[in-house]
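To start, the structure under review is shown below, and the notes come after it.
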Amino acid sequence: MQNSINYDKIKEAAAYHPKPQDINYTYGTAGFRMKADLLDSVIFRVGILAVLRSKKLDSKTIGIMITASHNPEHDNGVKLVDPYGEMLEQSWENYATQLANAQTEDELVDVIKQIVSNNDIDESKPANIVYARDTRPSGPALVSALVDGLKSLNSKIIDFGVKTTPQLHYVTRCYNVQGTEDDYGEPTEEGYYKKLATAFRKVVEGKSRLTPIHIDAANGVGAPKMKELAKHIGDEYLEAVLVNDDYTTQGKLNYQCGADFVKTSQRLPFGSKIKHGDRAASFDGDADRIVYYYVDEDNTFKLLDGDKIAGLAGGFIIDLVKTAGLEGINVGVVQTAYANGSSTTYLEKVMNVPVSCVPTGVKHLHHEAEKYDIGVYFEANGHGTVLFSKKALKTIHSAEGQTAEQKEAIEKLRALTDLINQTVGDALSDLLLVEAILTNRQWSLKQWDQAYSDLPNRLVKVVVENRHIFKTTDAERKLLEPTGLQEQINELISKYKNGRSFVRPSGTEDVVRVYAEAATREECDELAYKVAGLVYDQAGGTGGKPKEFL
Ligand code: 16G
Ligand code: MG
């Protein structure tokens with residue numbers, strides 16, 4: 001049969017993509033991610049896994065994205081996207097790891113056979129795959145390894161070319177729901193721009209255009225894609241000025257720029273010349289994160305991160321739902337432990353919105369947000385989106401409204417369901433969401449920022465011998481192991497006003513992360529470095545203690 005699996009063919013193809021010795025791969029929070037030259041065999045095998053997943057899911061289209069997001073340019077990575085555009089189901093992450101670590105072709109075939117039998121996969125089902133990559137120079141070679149993997153199992157393949165990560169998520173969903181009542185738009189890049197641009201114009205229609213938005217595109221794929229999107233929207237609605245848009249010169253991607261750089265170093269990206277009164281935002285390297293910022297009268301840098309975006313979006317949506325008279329639709333916000341304490345207090349106490357806290361990583365936030373009729377989720381780092389449940393979509397699309405005011409609110413909510421990329425956090429779509437809200441409210445960034453003041457916070461990395469001994473609970477806010485360490489941390493925290501601190505092993509780097517916040521910058525830094533020192537001393541720190549405070 002044409003589609004059934006030919007194991008000899010796989011072995012033959014796999015021999016061209018041998019696994020390096022002595023490397024142990026893990027499919028983590030962001031898929032596989034590391035130096036690009038170690039990824040050839042991994043990508044070949046990810047192709048195989050994607051085909052198995054498609055066969056398992058009745059030939060649904062599975063997405064594959066080759067990117068390493070905000071990592072240095074020499075890194076690359078790969079992750080799988082499930083049919084509705086969400087992250088690969090967690091139970092399959094383990095298969096990805098097993099496939100990647102099979103040392104020989106024979107072992108590889110054994111793992112494949114096991115996955116087939118464990119999941120009752122019908123080998124004769126055809127498979128459908130769509131893939132894309134970002135602008136990294138290592139992309140084309142990795143794509144060719146991927147295609148070898150896909151072809152060894154006779155998959156149908158669509159090459160979606162160079163795209164942002166969220167565009168790949170979008171198109172994966174489009175393919176799978178085309179022509180059904182859940183239709184998500186045309187499965188093309190053009191379809192994506194048209195959907196977003198039309199929705200944006202609807203939400204801002206009749207309002208005065210804001211001043212230009214300066215966008216730092218991290219010298220990545222977001223640059224050409226944002227330009228294309230802006231063309232579809234038109235200058236009369238949005239004026240986008242790009243910096244760090246050189247995605248062709250090697251060495252520039254994410255270098256001292258982009259959302260991750262701005263959020264972690266809390267300063268302007270290289271190349272940005274914004275002055276007081278200007279409005280600015282940064283994307284990350286694959287355009288699935290965004291943060292906003294401005295400089296104040298006294299030239300201080302002010303960051304509007306994912307928490308601020310969640311507050312802005314949540315507030316606007318709640319107002320629209322109320323005005324539209326759609327009682328019975330509940331709105332909730334999902335955060336992680338990294339959310340600034342002030343943002344949580346603001347959401348719960350001022351906005352009266354239910355807030356859930358979940359472990360780091362998009363899949364956790366996404367699933368929690370699905371529990372609300374409208375679920376707003378954002379990580380402080382700027383990754384996030386808004387999910388509308390089937391019930392919410394139905395209500396919004398069938399509501400008619402009595403008064404002009406109600407009708408307008410309903411129209412806006414409808415447009416928002418198209419404007420927001422509901423598959424995953426999307427810098428382009430989130431930018432339009434923020435711009436649409438600010439246009440409607442006629443707010444400056446400073447006015448938006450006034451909702452609450454962030455508590456000073458600090459993130460410190462600690463290198464330890466084995467980060468896997470760290471076990472957390474309570475959405476990563478407490479350590480279970482090493483035993484006794486949490487009690488010592490608690491004792492430190494109790495000495496600081498508004499003190500909060502937690503420790504978790506990173507899912508993407510071989511380090512332990514320490515987060516701290518407190519009433520003042522000094523207290524916060526002191527707490528952060530004391531907790532880091534404690535971790536270093538008590539849990540196998542190596543390579544030098546994090547620099548002492550003072
Ligand atoms: C990954 C996650 C991101 C998370 C980050 C934490 C996805 C798609 N991305 O980039 O959500 O914030 O990891 O990294 O889930 P860490 O575990 O190293 O702190
Ligand atoms: Mg990213």
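Read the numbers this way: they start at 1 and go in the same order the structure lists the ligands and their atoms. Only a predicted model underlies this, so the values are computations on that prediction, with no experimental measurement involved.
Atom OD1 is the N/O/S atom of D286 found closest to the Mg ion (ligand 2). Looking at D288 and the Mg ion (ligand 2) together, the shortest N, O or S contact belongs to OD1. Distances from the Mg ion (ligand 2) to each N, O or S atom of D284 single out OD2 as the nearest.
At least one N or O atom of E379 sits closer than 3.5 Å to an N or O atom of ligand 1. Taking only nitrogen or oxygen atoms, main chain and side chain alike, K363 does not reach within less than 3.5 Å of ligand 1. In terms of polar-atom proximity, E509 is not counted as a contact of ligand 1, lacking any N or O under 3.5 Å from an N or O of the ligand. No N or O atom of M87 sits closer than 3.5 Å to an N or O atom of ligand 1. An N or O contact shorter than 3.5 Å is missing between A30 and ligand 1 by distance.
Salt bridge annotation for D474-R477: present, with a cationic side-chain nitrogen under 4.0 angstrom from a carboxylate oxygen. Ionic pairing of E523 and K530 is not present here: no N-O contact between side-chain nitrogen and carboxylate oxygen is shorter than 4.0 angstrom.
For H383 and F378, the gap between ring centers reaches or exceeds 6.0 Å.
Looking at R513, H364, M65, R289 and measuring to atom 19 (O) of ligand 1, the nearest heavy atom belongs to R513.
Residues R133 and M65 come closest through the heavy atom pair C-CE, 3.6 Å. When every heavy atom of N421 is checked against every heavy atom of Y192, the shortest pair comes out as ND2-CE1, 4.2 Å. Minimum interatomic distance between L150 and V51 (heavy atoms only, all atoms of both residues): CD2-CG2, 3.7 Å. The shortest heavy-atom contact between Y27 and V78 is CE1-O, 4.2 Å.
In this structure, the protein non-hydrogen atom closest to atom 15 (O) of ligand 1 is V362 N, 3.0 Å. Looking at atom 13 (O) of ligand 1, its nearest protein heavy atom turns out to be T508 CG2, 3.5 Å.
V355 has its side chain out of reach of Y346: every pair of non-hydrogen atoms, C-beta onward, lies at least 4.5 Å apart. Using a 4.5 Å heavy-atom cutoff, the side chains of R289 and F283 are not in contact.
In this structure, R504 has a heavy atom closer than 4.0 Å to ligand 1.
Within the 3.5 Å criterion, the main-chain N or O of P359 finds no donor-acceptor partner in the side chain of E476.
Applying the 4.0 Å criterion to heavy atoms of N381 picks out, from ligand 1, the atoms 12 (O). Atoms of ligand 1 found under 4.0 Å from any heavy atom of S506, numbered from 1 in the order shown, are 16 (P), 17 (O), 18 (O).
With 2.8 Å as the limit, T165 does not count as an N, O or S neighbour of the Mg ion (ligand 2). For the Mg ion (ligand 2), the N/O/S atoms of D260 include none lying under 2.8 Å.
With a heavy-atom cut-off of 4.0 Å, T360 touches ligand 1 through its side chain alone.
Between F32 and Y25, the two ring planes are perpendicular [angle over 60°; tilted spans 30° to 60°].
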